[in-house]
Amino acid sequence: MKILHITCSPRGQISESYRLSQQIIGHLRKRDPAARLVSRVIGGGAIPHIDESYASALGAAQQSPAETSREGSMSLSEQLIRELEDSDIVVIATPMHNFTVPSTLKAWIDHVVRVRRTFTVTTSGKVAGLRDRPVFVAVSSGSRYSDEHPRQSDFLTPYLKAVLGTIGLRDVTFFSVEGVAPGSDEAVRARARTDRALQDHFSSGSPLSLRTEVCV
Ligand SMILES: Cc1cc2nc3c(=O)[nH]c(=O)nc-3n(C[C@H](O)[C@H](O)[C@H](O)COP(=O)(O)O)c2cc1C
């Protein structure tokens, strides 16, 4: 089993989302101790935004020479898509930034959600091109967003479901640690709540393939 671990926080390994994703990986490794981990760091501007020739190629109605030349963003796009294709499980560690994904994760999405490569456009809509596999998303946020009376909007969860679904990744499970702004009293309680949710989820012995589910 190969786990692709994508980390998006500018705070790297001290980040809450990284910590939560490590817990998820720990649970996955209990199920398969031989699982191999492939690490893709995209936080802190580790991957650039797409370039002009990539945007022009994707905007063209038909395949353009830039799509086969594999230079610039096209080359990075190919590398990132292959990492996804090669994985059996994907774990994404991400903070919430301004109610949605950080711009670094959006930059990764712009490289992997690529027309004529990971999805195609037909007269009846977009058709996904990747094989489905379990995706676990570890989200950290300064305030809560998923309880009965949320303190803010959540564009992160619906957006990730929609955009990953476009390329065929529909089996997405979200775990979140909410209310963990630095110095917040809520942080300890939030981490404990998330630990319990993880324990419940992975100790149930349920298959990894669960379809979209949100576990706080
Ligand atoms: C640019 C920026 C925007 C943020 N926007 C939000 C937000 O919209 N909602 C929220 O709850 N927290 C927001 N936060 C707080 C982070 O989500 C929170 O501190 C989180 O725990 C950071 O996770 P990390 O340690 O994995 O980076 C923001 C933080 C930054 C730096």
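Both ligands and their constituent atoms are indexed starting at 1 by order of listing. Heavy atoms only: backbone and side chains are in, while hydrogens, waters and symmetry mates are out.
- Using a 4.0 Å cut-off between a side-chain N of Lys or Arg and a carboxylate O of Asp or Glu, Glu78 and Arg114 qualify as a salt bridge.
- When non-hydrogen atoms are compared, ligand 1 lies under 4.0 Å from the backbone of His97 as well as from its side chain.
- Interface of Pro95 with ligand 1, defined as ligand atoms under 4.0 Å from a residue heavy atom, comprises 22 (C), 23 (O), 24 (P), 26 (O), 27 (O).
- Listed by number with element, the atoms of ligand 1 under 4.0 angstrom from any heavy atom of Phe99 are 7 (C), 8 (O).
- Nearest to atom 17 (O) of ligand 1 by heavy-atom distance, out of Glu16, Met96, Arg144, is Met96.
- The closest side-chain donor-acceptor pair between His5 and Ser21 falls under 3.5 angstrom.
- Taking the six-membered ring where tryptophan is involved, the planes of Phe202 and His27 are essentially parallel, since the angle between them stays under 30° and well short of 60°.
- Here the side chain of Ser17 pairs no donor or acceptor atom with the backbone of Ser140 at under 3.5 angstrom.
- Here is the list of ligand 1 atoms found below 4.0 Å of a heavy atom in Val180: 21 (O).
- Salt-bridge formation is detected for the pair Arg191/Glu16: a Lys NZ or Arg NE/NH1/NH2 atom is positioned less than 4.0 Å from an Asp or Glu carboxylate oxygen.
- Proximity to Ser9 (heavy-atom distance under 4.0 Å) selects the following atoms of ligand 1: 24 (P), 26 (O), 27 (O).
- Checking Ser53 against Glu71 by side-chain atom types alone, no donor-acceptor pair falls below 3.5 Å.
- For atom 15 (C) of ligand 1, the nearest non-hydrogen atom from the set Gly142, Gly179, Ser17, Ser15 comes from Gly142.
- Of the candidates Ser141, Ser103, Ser140, it is Ser140 that places a heavy atom closest to atom 24 (P) of ligand 1.
- Contacts of Gln152 with ligand 1, taken as heavy-atom pairs under 4.0 Å, involve the side chain alone.
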Salt bridge (Lys or Arg N to Asp or Glu O under 4.0 Å) between Glu178 and Arg151, intermediate numbers included: CA-CA 11 Å; Glu178 303 174 29; Arg151 294 183 203 155; over 6 Å; no
